[in-house]
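Here is the structure we will look at.
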Amino acid sequence: MKKLLFLSLALSSQNTFASNETDDWEAWDQEPSEETAGTIPVSGFLQYFFSNRTVDNDLISEDTIANEVRLRLETTYHSESWYVNYKGDLYFDEVSSKASARNRESFIHASPTSAIDLRAGRQILTWGTGDLLFLNDLFPKNWKAFFSGDDQQYLKNPSDALKASWYSDVVNIDLVWSPIFDHDTYIDGERFSYFSPLYNATVAASPIMKGQSPEHDIDNGEYSARIYRNISGTEYAGYFYRGFYKTPEGFDPLTDSLYFPRMNAIGASARGSVLSGIGYAEFSYYDSVEDRDGKSPYVPNSETRFLIGYEQEIVKDLTLSVQGYLEHIHDYKFLAEETEFLEHTPEQNRNVLTIRITYLALNNNLVWTTFLFYSPNDHDLYLLPSAKYRVDDNFEVSAGFNYFKGDYRSTMFGQFQENSNAYLRVKFIF
């Protein structure tokens, strides 16, 4: 009954998505300019975000997924060898009728030598090669924000961590320690319905599905490492992670509750020029520490994940990128035996193909993007068409769709068919 006791395929596959968007993310690691040295500048944006279901959902009466006003404030103070960075959000969500505040970034960055960088505090962390697919990047994500059409920067949740980087002519090393486990903001039945193998049906809140987090103990911290080097224009990287599954995929029969099982991961990637474009490949092995032989019905099996991708500008201002992705479940014999009586047993190999088409118009002020996930063996898809128009330096409008379709209600994208939505974002930048 292994998959019967996992919360859903939504959880087992959510952490594969990622973004290679650079519009907002490149700024995260940019150093402050000399013009702002010694000053405390304040900037940010005011955004209105609305997302509404485009199909009927019998389990959720409210068609509005998000109706939110958000104020972002950010500032930086720095000297020659260190700086402090802060980004905070104040927002009111009409769906929940709640006003909230959150520190998105709050860290100090120091460079004691030219070869060492240190960063401590709340920060956004990301690495890997995939476009909207994560393999070795096991930093926390926000799947509710992503599936609703929120600004793609909010796909990444912050981590409270210490990061150390060392640079040399031979190799570069990043080390990250998160003292407290940061799990994903996963689909839990609130605003989005999902398929539950436990009930063999699509479900929604209430109650909200919740996983039991590890105790706040130093032994339950997360450790991540990246070793990388650029050789003749190609960046090669190796990765390591010690921590937990980012979604609650384990089941404790003693407490009758879901939890986050321990997991290690090791992987590698390469990215560089291929023909007239950029090619990349990546793999990761997920070591299910609590069930290495695959015999426990309460813990996910170990997996190996592979990715290969290519991106090229076909004609001026028109870019095409494609990816092939594979999840391979280990010790599948035991899994098949445990789930042979179930209607929805996962296949040993799950394949996903992606296509991104991006077109720039009106002097790059208008960006049309279409992204498609398609799984040939799951017979489902996820389509994300969008457009962003930059009216001027201070004002932009974005709109798009999140469209899910599948032959079966139990697959990754098929389970979300009744959550398809259209969204609108209006942003004033100051």
Side-chain angles (χ1 to χ4, degrees), residues 18-38 74 76-87 104-131 134-140 153 156-179 182 221-243 264-274 278-285 307 309 311:
S19 176
N20 201 30
E21 292 288 315
T22 58
D23 209 16
D24 295 307
W25 292 14
E26 284 182 347
W28 293 345
D29 292 321
Q30 290 178 357
E31 300 292 336
S33 65
E34 294 182 1
E35 296 179 359
T36 61
E74 52 190 78
T76 300
Y77 177 82
H78 68 98
S79 66
E80 183 176 344
S81 60
W82 62 273
Y83 68 91
V84 176
N85 189 74
Y86 176 79
K87 294 181 181 180
R104 183 152 177 86
E105 288 187 0
S106 181
F107 63 80
I108 181 170
H109 181 110
S111 300
T113 73
S114 61
I116 297 176
D117 285 337
L118 300 174
R119 180 177 294 185
R122 176 160 293 191
Q123 53 192 291
I124 302 295
L125 297 165
T126 186
W127 55 42
T129 64
D131 183 7
F134 276 110
L135 281 76
N136 290 292
D137 185 336
L138 291 164
F139 302 114
Q153 65 175 292
K156 295 291 294 184
N157 270 347
S159 299
D160 295 315
L162 172 64
K163 179 183 178 184
S165 300
W166 178 67
Y167 311 99
S168 74
D169 295 334
V170 178
V171 70
N172 305 306
I173 300 175
D174 290 330
L175 301 175
V176 178
W177 174 48
S178 298
D182 293 312
E222 298 176 271
Y223 301 86
S224 303
R226 176 177 65 157
I227 302 174
Y228 62 100
R229 181 183 179 184
N230 191 296
I231 302 176
S232 301
T234 299
E235 183 178 86
Y236 300 91
Y239 309 88
F240 170 78
Y241 171 79
R242 176 188 176 274
N264 298 330
I266 187 169
S269 68
R271 181 181 179 92
S273 299
V274 176
I278 302 295
Y280 50 92
E282 187 172 352
F283 90 91
S284 186
Y285 172 69
L307 172 70
E311 176 182 334

Quiz item: Which value, rounded to the nearest 0.5 Å, describes the distance between Ser165 atom OG and Leu118 atom CG?
Solution: 8.0 Å

Compile the donor-acceptor pairs under 3.5 Å between side chains in residues 229-237 and protein atoms, sequence neighbours left out, one pair per line.
| unit_1 | atom_1 | unit_2 | atom_2 | d |
| --- | --- | --- | --- | --- |
| Arg229 | NE | Val170 | O | 3.2 |
| Asn230 | OD1 | Gly233 | N | 3.0 |

Quiz item: Say you draw a straight line from CG of Leu125 to NZ of Lys163; how long is it, rounded to the nearest 0.5 Å?
Solution: 6.0 Å

Practice problem: Grab the two heavy atoms, one from Pro158 and one from Arg122, that are nearest each other, plus how far apart they are. | Solution: CB-CG, 3.6 Å

Exercise. Evaluate the criterion side-chain contact (heavy atoms from CB on, under 4.5 Å) for residue pair Leu307 and Tyr280; output intermediate values, then yes/no.
Key: CA-CA 8 Å; Leu307 172 70; Tyr280 50 92; 4.2 Å; yes

Quiz prompt | Donor-acceptor contact present, side-chain Gln123 to main-chain Ala161, <3.5 Å | solution = yes

Exercise. Let me know which of Asp137, Asp174, Asn136 forms a side chain to side chain donor-acceptor pair (under 3.5 Å) with Arg226.
Key: Asp174

Quiz item: Taking all non-hydrogen atoms of both residues, which atom of Trp127 and which atom of Ser224 are closest, and how far apart?
Solution: CZ2-CB, 3.8 Å

Self-check item: For the student: nearest non-hydrogen atoms of Val171 and Tyr228, plus distance
Solution: CG2-O, 3.6 Å

Quiz item: If every non-hydrogen atom of Thr129 is compared with every non-hydrogen atom of Ala270, which pair is closest and at what distance?
Solution: CG2-O, 4.4 Å

Exercise. Report the relative orientation of the aromatic rings in Tyr223 and Trp177; use parallel for angles under 30°, tilted for 30 to 60°, perpendicular for over 60°.
Key: parallel

Quiz item: Atom CD1 in Ile227, atom CH2 in Trp166: separation rounded to 0.5 Å?
Solution: 10.0 Å

Quiz item: Going by atom types only, do Arg119 and Tyr83 share a side-chain donor-acceptor pair under 3.5 Å?
Solution: yes

Quiz item: Minimum heavy-atom separation for Phe283 to Leu135, with atom names?
Solution: CA-CD2, 4.0 Å

Quiz prompt | Flag for Tyr239-Ser269: side-chain donor and acceptor within less than 3.5 Å | solution = yes

Practice problem: Kindly write out the residues that satisfy salt bridge (charged side-chain N to carboxylate O under 4.0 Å, His left out) with Asp182, not counting sequence neighbours, or none if the list is empty. | Solution: none

Quiz prompt | Flag side-chain contact, heavy atom, 4.5 Å: Ile124 against Phe139 | solution = no

Quiz prompt | Distance in Å, Asn157 CG paired with Arg104 CZ, rounded so as to fall on 0.5 Å steps | solution = 6.5 Å

